[in-house]
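Some notes on the structure that comes next.
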Amino acid sequence: MANKAERIISRISHKVMGDTRVLVVVEKYISGKTLRNMLEDWEYDVIGVCTSGKEALVRIKEDRPAIILTDIELNNCNGIHLACHLNLH
């Protein structure tokens with residue numbers, strides 16, 4: 001996958017982050033799986049890949065990730081709406 005998100009993330013300097021819990025929220029699972037593999041190579045603890053805002057909200061409440069990577073466009077809402085919802089809670 002050589003999309004824009006992957007190119008940007010690969011340029012970010014990173015440190016070994018072993019205990020940092022990350023949730024990936026993307027429209028297409030295959031993109032999320034690629035991001036998951038990249039983050040796991042960098043030793044992040046990826047707790048899951050979600051393909052909808054609803055699924056993400058459940059996982060966020062249950063798993064309390066430190067970092068949430070989300071697409072702007074999702075299946076049943078968008079990443080901005082999801083971020084706004086999280087800021088309210």
Side-chain angles (χ1 to χ4, degrees):
M1 177 175 113
N3 67 23
K4 187 175 180 180
E6 183 179 284
R7 289 191 305 268
I8 290 169
I9 290 173
S10 68
R11 289 186 293 208
I12 297 171
S13 67
H14 56 278
K15 299 176 182 176
V16 176
M17 300 302 292
D19 293 333
T20 303
R21 297 164 52 83
V22 180
L23 180 66
V24 178
V25 186
V26 292
E27 185 175 30
K28 296 181 181 167
Y29 183 79
I30 193 74
S31 302
K33 189 166 172 65
T34 301
L35 286 172
R36 173 186 210 128
N37 291 340
M38 183 185 305
L39 291 165
E40 286 175 344
D41 285 346
W42 292 342
E43 298 185 19
Y44 283 88
D45 178 16
V46 180
I47 58 173
V49 176
C50 299
T51 57
S52 73
K54 274 187 170 181
E55 180 185 4
L57 290 172
V58 170
R59 291 296 302 268
I60 291 164
K61 187 175 181 178
E62 291 175 357
D63 299 329
R64 312 289 291 168
I67 298 172
I68 303 165
L69 297 177
T70 184
D71 267 349
I72 295 296
E73 295 297 321
L74 297 171
N75 290 329
N76 60 351
C77 74
N78 66 47
I80 295 171
H81 179 266
L82 178 63
C84 290
H85 184 78
L86 292 173
N87 283 332
L88 294 174
H89 293 23

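We number each residue from 1, following the sequence as shown. Computation of the quantities below employed the complete heavy-atom set of this structure, encompassing side-chain atoms and omitting hydrogens, waters and symmetry-equivalent molecules. Fair warning: this is a prediction, and the values are worked out from it, not measured in the lab.
Checking each of Val49, Val46, Ile60 against Leu23 for a side-chain contact (heavy atoms from CB on, under 4.5 Å) leaves exactly one that passes, namely Ile60. Partner Ile47 forms a side-chain contact (heavy atoms from CB on, under 4.5 Å) with one of Ile67, Val24, Asp63 and no other, that one being Asp63.
Rounded to the nearest 0.5 angstrom, Leu57 CG and Glu62 CD are separated by 11.0 Å. Atom NZ of Lys28 is separated from atom OG1 of Thr51 by 12.0 Å, given to the nearest 0.5 angstrom. In this structure, the separation between OG1 on Thr34 and CG on Leu39 is 11.0 Å, given to the nearest 0.5 Å.
When all heavy atoms of Arg64 and Arg21 are compared, the pair lying nearest together is O-NE, 4.0 Å. Summarising the geometry of Cys50 relative to Ala56, their closest heavy-atom pair is SG-CA, 3.8 Å, with the distance given to 0.1 Å.
Contact check on Glu55 versus Arg59 returns no salt bridge, with no Lys/Arg side-chain nitrogen under 4.0 Å from an Asp/Glu carboxylate oxygen.
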